[in-house]
Amino acid sequence: MTGSRATPAPTATAHDRHRGGLALLVIASCQLMVVLDVTIVNIALPHMQKDLGFSTENLSWVVNAYTLTFGGLLLGGRLGDILGRRRVFVFGVLLFVFASLLGGLSQEGWQLLAARSLQGVGGAIASPTALSLITTTFREGPERNRAFGVFAAVSAGGSAIGLLAGGVLVEWLDWRWVLFVNVPIGLLIALATPRFIPESERRPGHFDIAGALTSTAGMVLLVYGFIRASEEGWTEALTLGSFAAAVVLLAVFILVERGSKQPITPLWMFRDRNRAGSYAMMLSLAAAMFGMFFFLTLFVQNVLEFSPLRAGLAFLPVSAVIAVSAGLASQLLPKWGPKPFMVVGALLAAAGLGWLTLTDVHSTYLGSILGPMLVFGFGMGMQFVSLTLMAVSGVAPKEAGAASGVLNATQQVGGSLGLSILVTTFGTASRNEASDQVPKFLREGTPAQLLEFRRTGQLPSPWGDQVLTSGVSSAFVVAACFAVLAAIVALFVIQVRSSDLARLQGGATPLAGEGAGEDAETGPGAGPDTDRPAKGR
C-alpha cells in the first residue's frame, strides 16, 4: 500500500513541469513577438523610406510610434489585475495581430504610423500581462529565476532576432512582411493560451484613463520636441511649444497619479530604492540599446552596403551572446545577488558603445563592428535578468501587473526618448559635417553626380557616407553616456538586501500573499525587511 501511494507523485511533478514549460513557451513567444517588432522594422527602414517618402529624422517615428504607445499607456498591467490576466493577454495579442495586418497593407506614411501606434497599444496590453503571468505562475526562488532568465533573454535578444528576421523577410519577400509575419504567430499564441495558462483571480478596481492619456501624450510631445529640434533648431516656436506642453502634461500625470486610489503607475513603487534604481537603469540602457540597433542598421546597409539579409545576419551573434549571458546570470544570481551583474553589465555596455564611437567610413564589420556589439550584448544579457527580478521582487500578487507594467514602460519610453535624443545628436552632427563635405563635393563631383544632387539634395558616396558616419559616431557618444549613467545608478543606488537574496534562493522569506497576508507588501512600507540592506554587503 505504501509503495502504491508513493507512485503518483513523480508523475504529477513531471506533468506540472511539462505544463509549466508550455506555459512559459507561450508567454515567451508573445514577449518575443512584441519585443522584436521594435527592431524587425529597422532592416526595412531604407525600403520604407523609399516607398513612403520619410526623411531620416522622421523615419525614427516608425520605431517611436510603436514604442511610445507601448510604453506610455501602461495598459496591460492594471487591466490584467482587474479583468483577469489571461483574458487581457489574449485580447492584447489579437489587437497586435490586427494592427500588424493594417500596417502591412499601408500605402501612405501616415497609415503606417497609425498602424504602428495601434500595434503599440496591443503590446502595452500583452507584454506587461505576460510578465505578471510569470510572477503568478511560477513560485519565487529557482523556479521563477529560470523563468525570468528565459523571459529576460527573450526581451534582450529579441531586438537582435528582429533584425535577422527583418533581413530574411525583406530580402526574400518584401518590407511589408515584417508586419504580416505577426499575424500567424499571434493567432497561434492566442489559440494556445487558454490550453496552458490558467486564468488569474479578478481583483476589484478601476482603470486610470486620465493617467494613461496624460503620460502617453506627454511623452509623445517630448519625443516630438527632440526630433523637431534636430530638423528646425532648438529655438523654433513649435519645438519650444512641444517641450512646454510635455512638461505640463507630465506634471498633470504625476498629480493624477498622486490623487488616484488605483493609479496606473503606483508612485509608492518608486520609494523602494532598489526598484526605483532598476527602473532608472532600464530607462538609460534601453535608450542606449534602441539607438545602437537603429544607427548600426543604417550604417551597415548604407555605408557597408550590406543587403537586408546580410545586415540581419550581422546582428545574429548579439542574440547568442545575450542568451548565454542571461543564462549565466540567472544561475549565479542566488549566490551573488543582482548588484554585481548590474554594475558589470552596465560597464560592459558602456565599453561596447564607447568602442563604437570610433566608427568611420573605413570601418569594417569584422574589424570595427562585431567586437563592440558582442561586448555590449554580454553586458545587456546580465542586465535584463537582474533588472527584471529586482523590479518585481517582493511585490504582492495584486500589484504584480502594475509593477511589470512600469518595467515595460521604462524600457519602451526609455528607448523612444533615447532614440529621439540620439536622432537630434545625429542630425546636428550630420549637418555640421555636410557643411564641410558639400564644398568638397562641388569641387570633385562628376556632372552626373552634381545633377543628381540638385534633384534630390542628397550627397552621393563617399561624401554622403562621411556625413552619415559622422552623425552615427556622435550618436554613439551620447549612447555610451546613457550606459555610464546606468552604471552609476547600479553602483550608488542599488543595495543587496537579505530579503532579496532569500527570495532568489527560494528561502523562507514569504511571497506577499503566501503566509504573510496578501497585503503585506502592497504599499510604501512593504515590510521592514524589504528595505533593509544585508549587513556587511
_Candidate pair E305 and Q301, rule side chain to side chain contact (heavy atoms under 4.5 Å, CB included), full reasoning_ = CA-CA 5 Å; E305 298 183 343; Q301 290 193 82; over 6 Å; no

*Report yes or no: does S325 contribute a side-chain atom to a donor-acceptor pair with the main-chain N or O of V321 at less than 3.5 Å?*
no

*Can you measure from OG (S100) to CZ (R176) and round to the nearest 0.5 angstrom?*
14.0 Å

*Donor-acceptor contact below 3.5 Å, side chain Q107 vs main chain L105*: yes

*Considering non-hydrogen atoms only, spot the tightest contact between L169 and V178 and give its length.*
CD1-CA, 3.9 Å

_Restricting to side chain to side chain donor-acceptor pair (under 3.5 Å), what partner residues turn up for W175, sequence neighbours left out?_
D51

*Does the side chain of S278 reach to within under 4.5 Å of the side chain of I494, using non-hydrogen atoms?*
yes

*Inspect the surroundings of CZ in F98 and state if more than 12 heavy atoms from other residues, nucleotides or ligands are less than 6.0 Å away.*
no

*Measure the shortest side-chain to side-chain distance between T364 and I369 over non-hydrogen atoms and say whether it is less than 4.5 angstrom.*
no

*asked:* Assess the residue pair N182 and Q119 against the criterion (side chain to side chain contact (heavy atoms under 4.5 Å, CB included)); give the C-alpha distance rounded to whole Å, side-chain angles, the decisive distance to 0.1 Å, and a yes or no.
replied: CA-CA 10 Å; N182 295 320; Q119 265 191 315; 3.4 Å; yes

*For residues L179 and L112, determine if any side-chain heavy atom of one lies less than 4.5 Å from a side-chain heavy atom of the other.*
yes

*Minimum side-chain heavy-atom gap V93-T193 below 4.5 Å*: no

*Out of curiosity, L313 CG to E171 CD, how far, rounded to the nearest 0.5 Å?*
9.5 Å

*What are the two closest heavy atoms between V375 and W355, and how far apart are they?*
CG2-CZ3, 4.2 Å

*In sequence, state the C-alpha distance, the side-chain angles, and the governing distance for F315 and T297, and then conclude on side chain to side chain contact (heavy atoms under 4.5 Å, CB included).*
CA-CA 9 Å; F315 291 96; T297 301; 4.0 Å; yes

*What do the steps show when you test M292 against M289 for side chain to side chain contact (heavy atoms under 4.5 Å, CB included), and what is the final call?*
CA-CA 5 Å; M292 188 203 76; M289 183 176 70; 5.6 Å; no

*How close do V300 and A311 get, heavy atom to heavy atom, and via which atoms?*
CG2-CB, 3.9 Å

*Taking side chain as C-beta onward, heavy atoms only, is P308 less than 4.5 Å from H47?*
yes

_From CZ (F378) to CD1 (I322), nearest 0.5 Å_ = 11.0 Å

*asked:* Quick check: closest heavy atoms across A483 and L353, and the distance to 0.1 Å?
replied: CB-CD1, 4.1 Å

*Gap separating the CD1 atom of I189 from the CZ atom of F96, nearest 0.5 angstrom*: 9.0 Å

*Distance under 6.0 Å and angle within 45° of the ring axis: does R310 meet both against F306?*
yes

*So how far is it from F294 CZ to L419 CG, rounded to the nearest 0.5 Å?*
5.5 Å

*Do the side chains of F89 and C30 get nearer than 4.5 Å, heavy atoms only?*
yes

*Shortest non-hydrogen contact from G354 toward A480*: N-CB, 4.0 Å

*asked:* Are F295 and V423 packed together at the side-chain level, in the sense that at least one heavy-atom pair is separated by less than 4.5 angstrom?
replied: yes

*Taking Y365 for the side chain and A314 for the main chain, is one N or O donor matched with an acceptor at less than 3.5 Å?*
yes

*Verify, without hydrogens or angle tests, whether R116 (side chain) and Y66 (backbone) share a donor-acceptor contact under 3.5 angstrom.*
no

*asked:* For the backbone of T239 and the side chain of E236, can you confirm whether one donor and one acceptor N or O come within less than 3.5 Å of each other?
replied: yes

*What are the two closest heavy atoms between L485 and S284, and how far apart are they?*
CD2-OG, 3.6 Å

*asked:* Less than 4.5 Å apart, side chain to side chain, heavy atoms only: is that true for L358 and S368?
replied: no

*Can you tell me how far the CG atom of L328 sits from the CZ atom of F341, to the nearest 0.5 Å?*
8.0 Å

*Under the 3.5 angstrom rule, does the side chain of D360 hit a backbone N or O of S363 as a donor-acceptor pair?*
yes

